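For reference, the structure discussed in these notes is given below.
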Amino acid sequence: MKVCHTVAECRETLGQYRRASESIGLVPTMGFLHAGHMALVKEAKRHSDRVVATIFVNPTQFGETADLDAYPRNEARDLVMLKEAGVDVVLIPEVADVYPEGDETIVETTRMANMLHGKVRPGHFRGVTTVVARLFNFTQPDVACFGEKDYQQLQVIKRMTRDLGFPIEIIGVPIVREADGLAMSSRNVRLTPQDRQAALVLSRALDAAEVSDAPTVDALRDVIATAISTEPRATLRGLDIVQAETLNTIEDRLSGAVAIMLSVEFGGVLLLDQRVITL
Ligand code: AMP
């Protein structure tokens with residue numbers, strides 16, 4: 001496994017693969033890896049001859065620098081995991097390599113970036129698309145894998161890829177969970193033992209939604225909010241029920257593929273979970 005600390009080095013290595021007609025799969029991450037990231041690597045390997053993973057804690061997608069500073073890091077462990085998973089190249093770029101001095105170019109999906117989670121975190125998805133577009137240009141992959149856990153992010157990236165005409169297939173990978181149902185996340189380590197236990201309410205609420213047969217948005221919202229309210233440590237921060245691909249709001253009756261996007265806070269740690277149900 002080759003570890004590149006500069007974009008130039010990474011381009012050079014990937015160029016060799018491309019000249020040998022090998023296809024390339026990209027797995028972008030912010031590090032502090034877990035089995036969820038490894039599922040992306042596995043999927044990328046299934047679709048391509050070579051896999052490049054990136055580790056970059058992207059400053060432009062964080063609202064507050066405190067949040068950015070608190071982001072957990074463990075590069076040594078990440079590299080062991082990526083090597084074991086059979087990754088060919090890891091790019092760990094410096095901020096100045098990704099955002100050169102005097103940088104003034106942004107990429108934004110103007111509608112999708114500013115709805116739902118994007119409303120609560122202004123500029124977040126603009127930061128995501130800006131960095132992902134750059135990573136696409138640095139690595140020029142044939143496929144790129146993203147988790148369904150960050151559901152809006154996945155849809156935003158699909159839209160950007162289509163709109164800008166990147167010749168890249170975007171693959172969504174199902175959420176990997178702990179044995180008890182909690183969606184794996186780099187943030188889970190910040191939960192107290194009590195909150196870790198309480199956090200099971202997210203998947204429980206989504207299970208309740210799935211079996212509820214609620215016919216309307218309001219009825220489904222009630223089912224989920226009620227399930228969350230059974231856990232006193234949980235504060236419901238976001239509950240969006242939208243059409244799965246467009247993220248459009250649903251007025252009343254549920255039909256087709258519906259995405260439920262849930263965010264719940266436990267003692268300052270915001271956890272996300274989502275489920276797509278088809279009616
Ligand atoms: P992050 O390092 O948190 O930016 O995540 C990098 C990628 O891994 C994103 O595409 C995430 O959606 C994906 N990911 C994170 N957690 C999981 C999970 N539990 N299951 C599947 N994919 C995940």
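Everything numeric here is computed off the predicted structure, so don't read it as measured data. Both ligands and their constituent atoms are indexed starting at 1 by order of listing.
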Without hydrogens or angle criteria, can the side chains of [X] and [Y] be said to hold a donor-acceptor pair below 3.5 Å?
X: D49; Y: S23; answer: yes
X: T60; Y: N58; answer: yes
X: E108; Y: N114; answer: yes

Quick one: look at [X] and ligand 1, take heavy-atom pairs under 4.0 Å, and tell me if it's side chain, backbone, both or neither.
X: S185; result: neither
X: R177; result: neither
X: Y151; result: neither
X: A35; result: neither
X: L33; result: neither
X: M184; result: both

Note the single closest protein heavy atom to [atom], along with its residue, its atom name and the distance in Å.
atom: atom 20 (N) of ligand 1; result: V176 N, 2.8 Å
atom: atom 4 (O) of ligand 1; result: M30 CG, 3.5 Å
atom: atom 10 (O) of ligand 1; result: G147 N, 2.9 Å
atom: atom 8 (O) of ligand 1; result: L40 CD1, 3.2 Å
atom: atom 11 (C) of ligand 1; result: D150 OD2, 3.0 Å
atom: atom 5 (O) of ligand 1; result: H37 NE2, 3.4 Å

Exercise. Any idea which heavy atoms bring G147 and L40 closest together, and the distance?
Worked result: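 Smallest interatomic distance, heavy atoms only, reads N-CD2, 3.8 Å.
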Problem set entry | ligand 1 contacted by H34 (non-hydrogen, < 4.0 Å) |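 Contact present.
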Exercise. With a 4.0 Å cut-off on heavy atoms, is Y71 touching ligand 1?
Worked result: yes
Exercise. Quick one: do D207 and R275 make a salt bridge, cutoff under 4.0 Å?
Worked result: yes
Exercise. Does a side-chain N-to-carboxylate-O contact under 4.0 Å join K158 and E245?
Worked result: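 A salt bridge is absent here (no side-chain N lies under 4.0 Å from a carboxylate O).
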Exercise. Is any side-chain heavy atom of T54 closer than 4.5 Å to a side-chain heavy atom of V90?
Worked result: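 Not touching, per the 4.5 Å side-chain cut-off.
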Exercise. Taking the side chain as C-beta and beyond, is there a heavy-atom pair between I241 and R221 under 4.5 Å?
Worked result: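 Yes, their side chains come closer than 4.5 Å.
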Seminar exercise, completed: When rounded to the nearest 0.5 Å, the distance separating SG of C145 from NE2 of H47 is 7.0 Å
Problem set entry | Candidates R177, K149, R204 - the one meeting salt bridge (Lys or Arg N to Asp or Glu O under 4.0 Å) with D273 | R177
Under 4.0 Å from a heavy atom of [X]: give me the atoms of ligand 1 that qualify, with their elements.
X: I175; value: 20 (N), 21 (C)
X: P28; value: 6 (C), 7 (C)
X: F146; value: 10 (O)

Exercise. For Y71, is the NZ or CZ atom of R187 found under 6.0 angstrom from the centre of its six-membered ring and inside 45 degrees of the ring axis?
Worked result: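 R187 over Y71 ring: no.
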